[in-house]
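Heads up, the thing below is written out as structure tokens.
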Amino acid sequence: IYKFYPGKEQLFLAAFQHALGRFDGVKTAAEGAADPVEALYLAARAYADLLNRRFTRQLMRQQIAQNTPQAGPGRAAGNAVRAKVEGFFVPILQRCARAGLIEEAHVHRAHALIAGFIEHQTLTFGLVIDETKTASFCGEELARDAVRAALLTYGQQTGAVAVPLRQLA
């Protein structure tokens, strides 16, 4: 393995990038969705499903076990993963902004809220509560709640958010 990957960080990043590669099909579907709220929901659902997989949690657990505050060997890998996830969500959130659903100035904050909401629900359960099971509350409900939270928090003050929230009911 070390012939292909010179260190643990590169191996971790390659494994997680492989898992993130599953986003490509969802990204295509999300980009093709006519409704930006539906596209955002598809993205949130894909991210929740990815983080709720046992494989992903095992990768994260391994990375946490190797990480120390002084050295931070996983920092570059973590930054690369975050950049990939942000690159997935931000264009969809920009579509929402163009449609008048969220404030343009808050696109990156809305991404952070959605990602953090999903990460907290999935990774906390998988890494702290029970590493052998997937969280039963993931999937549709978690994705809808994350999207609702972002639209309510960063929505236009004109009341334009009410219509897409009904779509997510």
Side-chain angles (χ1 to χ4, degrees), residues 12-13 15-57 59-60 63 74-129 134-169:
F12 169 80
L13 182 57
F16 208 80
Q17 288 289 356
H18 172 73
L20 284 175
R22 297 176 183 171
F23 266 163
D24 293 337
V26 176
K27 185 175 183 180
T28 302
E31 288 170 346
D35 179 23
V37 175
E38 179 65 20
L40 191 56
Y41 165 73
L42 290 172
R45 175 73 191 262
Y47 193 50
D49 289 345
L50 173 71
L51 294 183
N52 200 35
R53 288 194 177 117
R54 189 169 183 221
F55 170 75
T56 306
R57 289 196 316 269
L59 285 175
M60 298 304 289
Q63 192 62 18
R75 189 160 290 147
N79 288 341
V81 168
R82 258 191 211 289
K84 174 95 173 178
V85 172
E86 185 172 359
F88 183 57
F89 276 103
V90 168
I92 298 168
L93 286 161
Q94 288 169 335
R95 280 182 59 198
C96 290
R98 285 191 298 274
L101 301 172
I102 63 171
E103 299 279 346
E104 180 70 38
H106 298 300
V107 163
H108 290 280
R109 287 182 180 161
H111 159 258
L113 181 94
I114 291 170
F117 192 99
I118 292 169
E119 290 164 6
H120 175 74
Q121 298 294 322
T122 56
L123 294 179
T124 301
F125 183 89
L127 295 175
V128 178
I129 298 171
T134 57
S136 61
F137 50 80
C138 284
E140 285 184 39
E141 185 178 346
L142 178 59
R144 283 190 180 118
D145 287 349
V147 170
R148 277 188 193 120
L151 291 176
L152 284 172
T153 303
Y154 298 111
Q156 296 277 358
Q157 299 302 313
T158 61
V161 175
V163 173
L165 288 180
R166 275 190 258 126
Q167 293 170 357
L168 290 172

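We're numbering straight along the sequence, starting at 1. Hydrogens, waters and symmetry mates are skipped; everything else that's a heavy atom, side chains included, is used.
When the side-chain hydrogen bond (donor to acceptor under 3.5 Å, both in side chains) test is applied to H106, the partners found at least two apart in sequence or on another chain are R109.
A distance of 10.5 Å separates CG of L113 from CD1 of I102, quoted to the nearest 0.5 Å. Here the CD1-CG distance, from I114 to L151, works out to 7.0 Å after rounding to the nearest 0.5 Å.
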Atom pairs and distances, donor-acceptor, side-chain atoms in residues 89-101, under 3.5 Å, two or more places apart:
| unit_1 | atom_1 | unit_2 | atom_2 | d |
| --- | --- | --- | --- | --- |
| R95 | NH1 | A30 | O | 3.3 |
| R95 | NH1 | A33 | O | 3.3 |
| R95 | NH2 | A33 | O | 2.6 |
| R95 | NH2 | A34 | O | 3.3 |

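Contact detail for Y47 and I118: the closest heavy-atom pair is CD2-CG2, 3.8 Å. Nearest heavy-atom pair across H111 and E86 is NE2-CA, 3.5 Å.
Contact annotation: the side chain of L142 approaches that of F117 to within less than 4.5 Å [non-hydrogen atoms, C-beta and beyond].
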